[in-house]
There are 2 protein chains.
Amino acid sequence: MMLKNLGNISPSLIHRLPTYLIHVQELLKQKIEWVSSDELAKALDLTSSTIRQDFSCLDCSGISKKGYNVQFLETCLLKILGIEYPINVAIVGAGNLGHALALHEGFIHYQFIICAIFDINPEIIGKRIGKIIIQGMDSLKRVIRQKKIKIGIISVPYLAAQDVADRLIDAGIQGILSFSSVHLNTPRNIPVVNSRIVTNLLEISFMIRNVQQNTNEKEKES
Amino acid sequence: MMLKNLGNISPSLIHRLPTYLIHVQELLKQKIEWVSSDELAKALDLTSSTIRQDFSCLDCSGISKKGYNVQFLETCLLKILGIEYPINVAIVGAGNLGHALALHEGFIHYQFIICAIFDINPEIIGKRIGKIIIQGMDSLKRVIRQKKIKIGIISVPYLAAQDVADRLIDAGIQGILSFSSVHLNTPRNIPVVNSRIVTNLLEISFMIRNVQQNTNEKEKES
DNA sequence: TAGATTGTTAATCGATTAACAATC
DNA sequence: TAGATTGTTAATCGATTAACAATC
């Protein structure tokens, strides 16, 4: 299977890809072989049009009257997401969150191998989290190169986040997942995704109000 | 300060609000009094046009030649985000992640008070995480009502996520932050934000490839 | 005053939805 | 065959950017 030019894939579609994969894998578990764009749309709060556009763009074709083959969709999505083979990941910051992430079981299922964890605190360097030993920041560059680590997860206090990002990039990391609230400045060729825990709560706080207001307005209208 | 009709605020702006707040608070710490749309744009990888449009929409006006008053921006943003007063939050799922979230120090700064944590596992019910005692799921409805908890954080295994969401909504929760990868089906008036840890990694995996391909293409062009 | 920066309108860009012919 | 569902084109919708007059 040749990949189409990925330049065609829009940011919003990229954002939907993991959602598709996770749902499709759930269907596989349930031994469902075929799924229509309409069924997918209902399950994922999308329109069937969007789903057909997306799959067309990904070159995952379906069959009239039957829908899309679930197994084929998974194969497609795994390939497009680039997780046919394991990807090595490092965590920087072994506080509560870093600790929890190192033990998180959800990663391995998607071929993300947490194979190093770093911290600046000498008191915890050398200690174990699961099977991994916490290492000092001075080992960062060497270990990342040695183990061919591609993705760095940043779970340090926000004041240190930019510095850690710079060091990860210097060490040759290819992408960053940041749990810090601050905006990280990185070269254009290093994708950064922010896992916005606190900011997500702020969004909900806003939406709670907004939804209520909208609901009130609708009540007034009717 | 009256709030404009919030219906005008687009989803993309909602998404930027927390970013603005966090950056503005950093400027305040640095005792910076005025900031221009151009400076903000450079710091946050946006265009000055977007920033002026956003602030205009929020009714946060600036002054020609000076820019925007940082203190006023913070006041505006706090009000719009609805965090002038503390908001009570409950966590469901006291595994690694739930545990880390309960101890996370970033929440309190934005007035999110973690005031309950629930789990289904009888072995850990009654144990402490920081100042909070893990409670059983049968206490969920009562405690949420008693403590006027508005936001529920879901950090349970994905198979249980939808059920927990239903129970939280039944208990009267107003918004949900989910750490599960599955898409949650909820009534329209209950906002759900997904903190997509695993899915974020999947996105990075995709982008690493895509960025490389784009870079290659650009090299070919030049 | 001259120049910088806002606020706002209009233009562009991109994503979603609608519609329907093609197909199984 | 008849009917359901895809694949694709065109229309709509919304968000971002450009441009510039107003203003301090």
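Every chain is numbered from 1, with letters handed out A, B, ... down the list of sequences.
To the nearest angstrom, C1' of dA15(D) lies 13 Å from CG of L46(B). As a whole-Å value, the separation of N69(B) CG from dG7(C) P is 12 Å. The CG-P distance, from L13(A) to dT17(C), rounds to 14 Å in whole Å. Put simply, CD on Q53(B) is 12 Å from C1' on dA19(D), counting in whole angstrom units.
Using a 4.0 Å cut-off, some side-chain N or O of S37(B) falls inside it from OP1 or OP2 of dT6(C). Between T50(A) and dT17(C), a side-chain N or O to OP1/OP2 separation shorter than 4.0 Å is present. Here R52(B) does not reach the OP1 or OP2 of dC20(D): none of its side-chain N or O atoms lies under 4.0 Å away. For T47(B), a side-chain nitrogen or oxygen approaches OP1 or OP2 of dT17(D) to under 4.0 Å. Look at S56(B) and you'll find a side-chain N or O under 4.0 angstrom from OP1 or OP2 of dT8(C).
Of the listed nucleotides (dA15(D), dT5(D), dT16(D)), dA15(D) has the atom at the smallest distance from the side chain of P11(B). Nearest nucleotide to the S12(B) side chain, out of dG3(D), dT6(D), dA15(D): dA15(D). Each of dA15(D), dG7(C), dT5(D) was ranked by its minimum atom distance to the side chain of S61(B); first place goes to dG7(C).
In this structure, the side chains of F55(B) and L40(B) come closer than 4.5 Å at one or more pairs of heavy atoms.
Both distances falling under 3.5 Å, in either a Watson-Crick or a G-U wobble arrangement, place dC20(D) opposite dG7(C).
Between the base of dA4(D) and the side chain of S64(A) there is no donor-acceptor pair shorter than 3.5 Å. You won't find any donor-acceptor pair under 3.5 Å spanning the side chain of E39(A) and the base of dT5(D), going by distance alone.
Within 6.0 Å of atom CD1 in I120(B), 12 or fewer heavy atoms from other residues, nucleotides or ligands are found, so the atom counts as exposed in its surroundings. Within 6.0 Å of the CD atom in E105(A), the count of heavy atoms belonging to other residues, nucleotides or ligands does not exceed 12.
Within 4.0 Å (heavy atoms only), S36(A) reaches sugar-phosphate atoms of the nucleic acid but no base atom. Looking at heavy-atom distances under 4.0 Å, F55(A) makes no contact with the nucleic acid at all.
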